[in-house]
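Data first, discussion second: the structure below is written as structure tokens.
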Amino acid sequence: MKLALSLARKAQGNVEPNPMVGAVIVRDGVILGQGYHRRYGQAHAEVNALADAQRQGHDVAGADMYVTLEPCSHHGKTPPCADAVVRARIGRVFCAMVDPFTQVAGRGIAKLRDQGIEVHVGLLEAQARELNAPFIKRVTQGLPFVMLKWAQSIDGKIASAGGDSQWISGPKARRLVHQWRSRVDVVMVGIGTALADDPQLTARDVKPKRIARRVVIDRDFQLPDDARVLDVDVAPVTLAISAEVIQKQASRAQQLTQKGVEIFPLHPVAPGSTEMDLRPLMEHLSKVHQASNVLVEGGGRLHGSLIRQKLADQLRVFVSPRIIGDARAPSGIAGLDCPSMKHAMTVHPAKVTVMGDDVLLDYNLR
């Protein structure tokens, strides 16, 4: 199953919004075939593993199959994998987890058992759930998996008091961020970051697996027309703006729409509040644009809003060997109420990675 999980991970960025799935066929400790779901719309892991065994001339009848997700039982882009497993006369199937997708959700397992195949569920389930956390969230909640990323000094500052942030992190960390951008569906920033850095929010100097939609949270419609992120020929763009402001600047909004920029209206979280409700935007990205992963790159107030509105899932923080030491300098998260330490949020550390002179801290919020 560890091998199957490792195989599945190879497809990250190529199969979304489908889950990453790996499969290994074994008899008496000998691997007969292995495969993974390589690309969206193509053959699934089980079919590829069976084809691998056939190419090698192995008879898989009565063998064991280890698969990271329940074999599908419905016709989608491809025929049901459960049917292929039955036709191959596999003897036992070990599934890491049940598929939470409503069109499967136990039906694949039931089909296998009805055909006399022994099925065991739950081997390395926690690892399988972590691997496909974005898929699970999207199919169960209708929301994408949201990662908040920033680089900070040792004293927790993401820029100088004057807004200069280039560069807090080193070249290895910055290259990794471009790799992340090349594998996600959406890269998002707040208007403060967009105005300060004029970013493109594209994956550069890496081989992209997908082209991420760029989203700017621009409540007051402040982004200039010549901002680099508005170049729709580079990648698709969404501007999220207060619905009230869109009405006041309808002509400009229409001009941008005609150029191919998507304008999405935002509403306050409560009457009179200046904070925008970001859940409808996330639902829109998931439903309309099939977004499984959103990488948010600042700033602190946007991060704070996503945490407060319970939309964020993971923190990815680069800590650099620098000290800014200015109380006026911004931090990675802002706008949360914390009158005492008992109100402080506790997150769950996943891992620590040394990236050149920087340290990457991964934290899970759920």
Side-chain angles (χ1 to χ4, degrees), residues 8-22 36-45 68-70 72-81 97 99-105 128-149 179-189 201-203 207-217 229 232-240 257 260-266 277-297 306 309-314 366:
R9 196 170 285 109
K10 290 182 178 183
Q12 188 176 42
N14 285 331
V15 298
E16 292 83 349
N18 280 358
M20 293 173 277
V21 184
Y36 62 97
H37 180 31
R38 292 174 175 268
R39 190 170 293 278
Y40 179 71
Q42 295 183 3
H44 289 185
T68 59
L69 187 69
E70 171 187 3
C72 64
S73 56
H74 68 295
H75 282 270
K77 297 276 184 185
T78 60
C81 292
M97 60 175 286
D99 190 337
F101 184 45
T102 54
Q103 292 188 43
V104 185
R129 287 187 169 276
E130 181 182 2
L131 174 70
N132 277 313
F135 168 75
I136 294 169
K137 186 180 181 187
R138 192 179 68 82
V139 300
T140 59
Q141 300 181 43
L143 293 167
F145 188 87
V146 178
M147 301 164 283
L148 311 185
K149 163 264 163 186
Q179 290 175 350
W180 291 344
R181 288 180 183 177
S182 76
R183 297 195 297 254
V184 299
D185 302 301
V186 173
V187 178
M188 179 183 293
V189 295
L201 302 180
T202 55
K207 185 178 180 180
K209 293 188 173 184
R210 62 206 305 112
I211 303 299
R213 172 172 292 272
R214 285 90 50 81
V215 177
V216 180
I217 309 301
V229 75
V232 295
D233 293 330
V234 173
V237 185
T238 297
L239 278 188
T257 300
V261 176
E262 180 183 56
I263 303 294
F264 187 87
L266 297 175
D277 183 1
L278 299 176
R279 180 172 289 267
L281 171 63
M282 292 299 181
E283 292 172 342
H284 171 79
L285 293 173
S286 175
K287 182 178 180 180
V288 175
H289 299 299
Q290 297 294 297
S292 297
N293 302 274
V294 175
L295 177 64
V296 183
E297 299 193 32
L306 289 167
Q309 295 177 32
K310 295 182 171 31
L311 295 170
D313 300 281
Q314 187 178 46
R366 299 178 184 275

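Note that these values count all heavy atoms, side chains included, but never hydrogens, waters or copies made by symmetry. Since the model is a prediction, treat every value here as computed from it, not as a measurement.
Under the salt bridge (Lys or Arg N to Asp or Glu O under 4.0 Å) criterion, Arg9 pairs with no residue, sequence neighbours left out. With sequence neighbours left out, Arg181 forms a salt bridge (Lys or Arg N to Asp or Glu O under 4.0 Å) with Glu297.
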Please determine whether side-chain contact (heavy atoms from CB on, under 4.5 Å) holds for the pair Val234 and Arg214, giving the CA-CA distance in whole Å, both sets of side-chain angles, and the decisive distance to 0.1 Å. CA-CA 10 Å; Val234 173; Arg214 285 90 50 81; 4.3 Å; yes
Test side-chain hydrogen bond (donor to acceptor under 3.5 Å, both in side chains) on Ser292 and Glu16 and set out the steps. CA-CA 7 Å; Ser292 297; Glu16 292 83 349; over 6 Å; no
Working for side-chain contact (heavy atoms from CB on, under 4.5 Å), residues Val104 and Cys72: CA-CA 6 Å; Val104 185; Cys72 64; 4.2 Å; yes
Go through it in stages, so that I can follow the logic: the residues are Leu278 and Leu266, the test is side-chain contact (heavy atoms from CB on, under 4.5 Å), and I'd like the CA-CA distance, side-chain angles, deciding distance and then a yes or no. CA-CA 7 Å; Leu278 299 176; Leu266 297 175; 4.3 Å; yes
One pair to check against side-chain contact (heavy atoms from CB on, under 4.5 Å): Val232 and Val261. What are the steps and the verdict? CA-CA 7 Å; Val232 295; Val261 176; 3.8 Å; yes
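With rounding to the nearest 0.5 angstrom, the CE atom of Met188 is 5.5 Å from the CG atom of Leu285. The CE atom of Met282 sits 12.5 Å away from atom CD of Gln141, with the distance rounded to the nearest 0.5 Å. Once rounded to the nearest 0.5 Å, the distance linking CG of Leu311 with CG of Leu306 reads 6.0 Å. Distance check, rounded to the nearest 0.5 Å: CZ of Phe145 to CE of Met147 gives 6.5 Å. Atoms CZ and CZ, from Phe101 and Arg138 in turn, are 8.0 Å apart once rounded to the nearest 0.5 Å. Within the model, atoms CG of Leu148 and CG of Asp313 stand 8.5 Å from one another, a figure rounded to the nearest 0.5 Å.
Counting heavy atoms from C-beta on, the side chains of Val186 and Asn293 never come closer than 4.5 Å. Looking at heavy atoms from C-beta onward, Lys10 lies out of side-chain contact with Arg38 at the 4.5 angstrom threshold. Counting heavy atoms from C-beta on, the side chains of Pro236 and Ile211 come closer than 4.5 Å. The shortest distance between side-chain heavy atoms of Val189 and Val215 does not fall below 4.5 Å. A 4.5 Å side-chain heavy-atom check between Arg183 and Leu295 finds every atom pair outside the cut-off. Looking at heavy atoms from C-beta onward, Tyr40 lies in side-chain contact with Pro17 at the 4.5 angstrom threshold. Proximity of Asn18 to His44: side-chain heavy atoms (C-beta onward) are separated by under 4.5 Å at one or more points.
Side-chain N or O atoms of Glu262 include none that pairs as donor or acceptor with a backbone N or O of Thr238 at under 3.5 Å. A donor-acceptor contact shorter than 3.5 Å links the side chain of His37 to the backbone of Ala43. No donor-acceptor distance shorter than 3.5 angstrom exists from the side chain of Lys149 to the backbone of Val296, with no hydrogens or angles considered.
Ionic pairing of Asp185 and Arg213 is not present here: no N-O contact between side-chain nitrogen and carboxylate oxygen is shorter than 4.0 angstrom.
Ring pair Phe264/His284 is tilted by interplanar angle, where 30° to 60° counts as tilted.
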